[in-house]
Structure formats: C-alpha cells, structure tokens
Amino acid sequence: GAVVSQHPSWVICKSGTSVKIECRSLDFQATTMFWYRQFPKQSLMLMATSNEGSKATYEQGVEKDKFLINHASLTLSTLTVTSAHPEDSSFYICSAQLAGGFRDEQYFGPGTRLTVT
Amino acid sequence: AQSVTQLDSQVPVFEEAPVELRCNYSSSVSVYLFWYVQYPNQGLQLLLKYLSGSTLVKGINGFEAEFNKSQTSFHLRKPSVHISDTAEYFCAVSEGGGNKLTFGTGTQLKVEL
C-alpha cells in the first residue's frame with residue numbers, strides 16, 4: 001500500500017521548452033503533496049507544498065512562475081517546468097501525505113530525471 | 001530554522017560488520033526525526049522514525065536509531081550489514097510536528113565482500 005508513481009521517469013527536452021511531470025498516489029488519497037529537487041550527490045531540497053484545490057506554497061528562492069504546480073485532485077499533482085534551461089536539469093521527486101493520516105507520513109515517488117539540452 | 005548534518009558522505013564497510021551512520025540536527029523546538037534509504041534511481045523509503053517516547057527506535061531491515069536530545073543526534077546503526085544494504089541514506093527532521101522535511105546531504109553506504 002501507499003504507492004506513489006511519477007511520470008515520466010526520465011525526460012530530455014530542449015532549452016526553452018516546457019515539460020510536465022506527474023505525481024500520482026495510486027492506492028490512497030493525498031490532500032498534500034510535496035515537490036523536491038535533488039542535484040547529484042546532494043540532498044533533497046523542498047521546492048513547494050501543494051494542497052488539493054488550492055495554490056501551492058513555494059519555498060524561498062523557488063520561482064513560482066517557472067515551476068508551476070497544480071494539485072487538481074486527491075491523487076494527482078503536476079509540476080510543469082516552463083521555459084526550461086540547462087540549469088533546471090535535476091532529479092525531481094514528489095511525495096504524498098496520506099489524507100487523514102499522521103502529519104509525519106510522506107510516501108515518496110521514484111523520481112523524474114530531467115535533462116535540458 | 002532546522003538543519004541536519006550528516007558528517008560522513010561515504011561509509012565503506014565489509015559485509016557482516018556493524019555500521020553507524022551519523023546524523024546531527026539543529027532546532028529550537030521539538031522535532032520529529034527520520035531515516036530514509038534511497039536505492040539507485042528510486043525514490044526514498046522510510047527506514048524508521050522518532051516521534052516521541054522511547055529514544056531507541058527500531059526500523060525495517062534490521063536498522064535502529066537512537067535519539068539523543070542532549071547531543072542533538074539521531075545516529076543509525078545496524079549490527080551486521082548485507083550487500084543489499086548498499087544505498088544512500090538520508091536523515092531528515094521536521095520541526096514542531098509540522099510536515100515539512102529538511103534533509104541532510106546523505107551518506108553513501110557501500111558494503112563490500
């Protein structure tokens with residue numbers, strides 16, 4: 001139980017284009033989802049917190065117009081990297097918090113590797 | 001603001017030997033503490049967590065960790081490691097019962113024959 005999927009698992013896009021990454025909770029409902037970014041050999045950095053039906057809360061230094069987050073349902077959140085540049089290349093990981101569960105319970109997706117050429 | 005320090009970026013160890021992965025945190029309020037494992041090209045899997053109560057926490061795969069408030073530490077231990085334990089291990093903290101996690105930089109555990 002508590003499985004989170006991400007699609008695609010990897011994507012290559014050209015500089016200036018946009019790419020959308022999906023995060024789905026497969027067997028549970030998630031009122032809150034989190035988006036992280038992980039650079040090689042580094043830790044996960046929280047980018048934003050998204051709550052179903054409301055605007056995402058972005059961490060300091062994260063451009064909300066560049067990283068668009070939509071949490072349209074209790075099982076799906078999307079991250080769109082707009083006008084991607086090579087410096088946006090990274091490993092993006094989402095996590096989902098079980099609706100009605102303990103605040104400490106986050107289930108992580110397998111990640112999406114984005115390469116911008 | 002909370003922060004997490006994992007002093008060892010890499011820990012090599014022979015199979016069946018014991019291992020300790022160190023984690024120290026900084027926070028001005030009460031915290032929840034977590035250890036996650038990440039296998040190559042996969043997401044994070046929760047090993048164990050400390051919320052309250054007993055300071056010795058047992059997790060999956062034979063791992064355990066001890067919360068030491070005076071030393072602000074939450075070191076991860078396993079008495080006998082296996083090749084399959086080779087992975088990246090992340091310590092994380094959430095402050096004041098909130099749901100935002102702050103991660104350490106990770107420790108690469110490499111188990112050798």
Side-chain angles (χ1 to χ4, degrees), chain A residues 1-10 21 23-26 30-51 56-62 90-115, chain B residues 1-11 21 23-25 29-53 57 59-60 65 67 74 87-110:
Chain A
V3 178
V4 176
S5 71
Q6 284 185 240
H7 178 79
S9 55
W10 59 271
I21 301 169
C23 176
R24 294 183 183 271
S25 55
L26 297 184
T31 50
T32 303
M33 289 185 172
F34 304 86
W35 286 96
Y36 296 85
R37 184 172 180 177
Q38 185 181 28
F39 290 103
K41 307 292 185 184
Q42 295 187 31
S43 184
L44 283 76
M45 299 298 294
L46 180 64
M47 298 174 66
T49 302
S50 75
N51 292 293
T57 302
Y58 291 81
E59 295 299 301
Q60 192 172 8
V62 177
S90 190
F91 195 50
Y92 292 87
I93 300 175
C94 73
S95 71
Q97 189 170 47
L98 184 68
F102 292 107
R103 295 171 68 83
D104 61 284
E105 290 182 283
Q106 286 188 36
Y107 300 94
F108 286 81
T112 295
R113 186 162 301 283
L114 170 64
T115 301
Chain B
Q2 64 215 39
S3 66
V4 179
T5 302
Q6 291 181 248
L7 292 172
D8 305 305
S9 60
Q10 291 186 26
V11 174
L21 306 183
C23 172
N24 288 87
Y25 69 93
V29 298
S30 62
V31 296
Y32 293 166
L33 294 157
F34 307 82
W35 274 100
Y36 288 88
V37 60
Q38 184 181 33
Y39 298 100
N41 298 314
Q42 294 186 31
L44 276 68
Q45 180 182 2
L46 180 66
L47 277 178
L48 49 78
K49 61 185 177 184
Y50 171 80
L51 304 181
S52 65
V57 180
I60 62 172
F67 170 57
F74 190 56
E88 188 88 17
Y89 291 79
F90 290 96
C91 182
V93 61
S94 69
E95 201 169 52
N99 57 8
K100 283 177 55 174
L101 289 172
T102 297
F103 287 86
T105 50
T107 297
Q108 176 67 43
L109 174 64
K110 185 174 183 181

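Within every chain, numbering begins at 1; the chains are lettered A, B, ... in the order of the sequence lines, protein sequences first and strands thereafter.
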Less than 4.5 Å apart, any side-chain heavy atom of A:Y36 and any of B:L101?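 SC-SC contact between A:Y36 and B:L101 confirmed.
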
With a 4.5 Å heavy-atom cut-off, do B:Q38 and A:I93 have their side chains touching? yes

Can you sort out the partners of A:T32 under side-chain hydrogen bond (donor to acceptor under 3.5 Å, both in side chains), two or more places apart, ordered by chain and number?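 Once residues adjacent in sequence are excluded, the partners of A:T32 under the side-chain hydrogen bond (donor to acceptor under 3.5 Å, both in side chains) criterion are A:N51.
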
Which value, rounded to the nearest 0.5 Å, describes the distance between B:F90 atom CZ and A:Q38 atom CD? 4.5 Å

Considering non-hydrogen atoms only, spot the tightest contact between A:F108 and B:L44 and give its length. CB-O, 3.5 Å

Quick check on A:L46 against chain B: is it the side chain, the backbone, both or neither that has a heavy atom closer than 4.5 Å? side chain

Side chain of B:T105, backbone of A:S43: donor and acceptor closer than 3.5 Å?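 No; judged by distance alone, with no hydrogens or angles, the pair does not exist.
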
